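The basis for the numbers below is simple: all heavy atoms, side chains too, and nothing from hydrogens, waters or symmetry mates. Predicted model, so just to flag it, every value in this text is computed and none were measured.
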Amino acid sequence: SRDYDQVTQLAKIRNLKLVIVGKHGGSKRHDKLNASLHRTKLLSTRIKKFSPDITISFCSPEAARVSYGLGIPHVCFSDSPHATAVMKLSLPYADKLLIPWIIPKSDFKNMGIDPKNIIQYKSIDAAQITKRKVFFGCGTDIKSRRSWKTILIRTPEDEAAYSSKQSDVVNIIKKIEKDFLGCHITVLTRYKKQADLLKKKFSKSAQSKVQIVSKVIDGKKLLRNCDVFVGSGGTMTAESALLGVPTISYNATPNRIEAYLVSRKIVTRCMTPNKIAERIDFIVRLSWGVRGRLYERSRRLRIKKFVGSLEDPYPILLKTIKSIIK
């Protein structure tokens, strides 16, 4: 892996011993380019010594370039055709691409890979994440009073190359804090600058019930302890929804997975602070009555059945590897 807090800190929680090569380039184009070039050079030396028979990556441009340069077959996974910069830098060098079945192959048109080398599997990546066990390592000591309703808010990805839409997350938090005084509100940030900004805005008042979390945690444990999740539409939004948590997306990064879950009524999309507050109010009120609790139980069972109907992509990966390494 590269040195990137979202990965390296989570690896510590999950007791994964990563080999760190290079680092994340941040949000600026020049820094991204230099970090990628430096990492490619470091990887070329490492991989030449390691001499693998095949490379598997989540469409890593550096893995793609090094594998191609050293003549190593490369299998990619992707559920993010909207990440066009990464796709265009990696897919021309990939032998096979594995994608969820809800993403049409045409989404990868003009990205350098022949459609016959794209293999679809009937699963959503986040569904596999939900099946992982919870790790009770560092970073899971988030305060929560279960006598209160707990609302978890996830800040958007704003350092990715595909990130262009300005989210209204500050006003979303303000509206939720104002309207839900009896609730515990946790905001899970991605980057230090996000955490610093939000702490300035929401930690001044001793009466504020907004808890800003800047450290990396095991998301599944946090999701299990919340009553409502408000996310930007990415992986954690899908994970929350497929765990059965009432989930709202403010769709900061429009993508196929979010759109599909919205169409299945597994996720509710709300694009303004007022609409989000209205939906949270509906969810909270629903939990008070017997009919509401019966509805919620039925909803969770429907989602559990849907997740159970999805296949494990791993055997498909093995079959793909065997078709390349003969």
Side-chain angles (χ1 to χ4, degrees), residues 1-26 35-36 38-40 42-67 72-80 83 86 90 94 98 100 121 123-142 152 154-155 157 159-160 188-192 195 213-225 231 234-240 242-243 257 307 310 312-318 320-321:
S1 178
R2 56 188 172 174
D3 184 7
Y4 178 51
D5 273 353
Q6 297 291 313
V7 174
T8 51
Q9 295 302 313
L10 190 60
K12 289 179 182 178
I13 294 171
R14 291 182 173 167
N15 298 316
L16 298 173
K17 298 187 183 303
L18 302 181
V19 175
I20 303 298
V21 182
K23 65 179 182 179
H24 185 264
S36 178
H38 183 59
R39 186 167 188 249
T40 301
L42 293 174
L43 276 172
S44 67
T45 303
R46 286 260 187 172
I47 302 307
K48 183 175 182 294
K49 290 179 181 177
F50 183 58
S51 190
D53 297 301
I54 197 161
T55 300
I56 303 165
S57 84
F58 193 71
C59 284
S60 161
E62 295 79 36
R65 182 66 187 94
V66 172
S67 297
I72 302 165
H74 184 197
V75 177
C76 291
F77 278 90
S78 179
D79 64 353
S80 310
V86 171
S90 57
L98 277 61
Y121 53 86
S123 192
I124 294 172
D125 294 5
Q128 301 305 314
I129 299 172
T130 65
K131 296 174 184 178
R132 293 184 67 103
K133 69 177 182 178
V134 173
F135 285 77
F136 293 91
C138 61
T140 56
D141 54 335
I142 306 303
L152 176 61
R154 177 65 157 161
T155 56
E157 169 60 84
E159 289 197 3
L188 183 60
T189 61
R190 295 173 187 265
Y191 302 106
K192 185 178 183 299
V213 179
S214 56
K215 57 188 171 184
V216 178
I217 54 100
D218 190 300
K220 187 173 179 180
K221 181 177 187 297
L222 199 54
L223 288 169
R224 278 182 168 178
N225 290 323
T235 303
M236 197 169 185
T237 300
E239 182 184 357
S240 168
L242 296 176
L243 281 169
I257 305 300
V307 173
L310 301 176
D312 183 350
Y314 187 62
I316 297 168
L317 172 62
L318 290 182
T320 303
I321 291 172

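Closest approach of Ser123 to Gln128, counting heavy atoms only: OG-NE2, 3.0 Å. Here the closest non-hydrogen pair linking Thr189 and Thr155 is CA-OG1, 3.2 Å.
The distance from the NZ atom of Lys220 to the CG atom of Asn225 is 12.5 Å, given to the nearest 0.5 Å. Here Ile124 contributes atom CD1 and Asp79 contributes atom CG; the two are 9.0 Å apart, rounded to the nearest 0.5 Å. We find the NZ-OG distance between Lys23 and Ser1 to be 14.5 Å, quoted to the nearest 0.5 Å. The CG atom of Leu317 sits 4.5 Å away from the CZ atom of Phe77 when rounded to the nearest 0.5 Å.
Within the 4.5 Å cutoff, the side chain of Leu223 has heavy atoms near those of the Met236 side chain. A heavy-atom distance below 4.5 Å is not found between the side chains of Cys76 and Phe58. For the pair Leu188/Leu152, a side-chain contact is recorded, criterion being any heavy-atom separation below 4.5 Å from C-beta on. Looking at Val307 and Lys131, their side chains come closer than 4.5 Å, going by heavy atoms from C-beta outward. In this structure, the side chains of Ile47 and Ser67 stay at 4.5 Å or more apart for every pair of heavy atoms.
In this structure, Tyr4 and Tyr191 have tilted ring planes: the angle between them lies in the 30° to 60° band.
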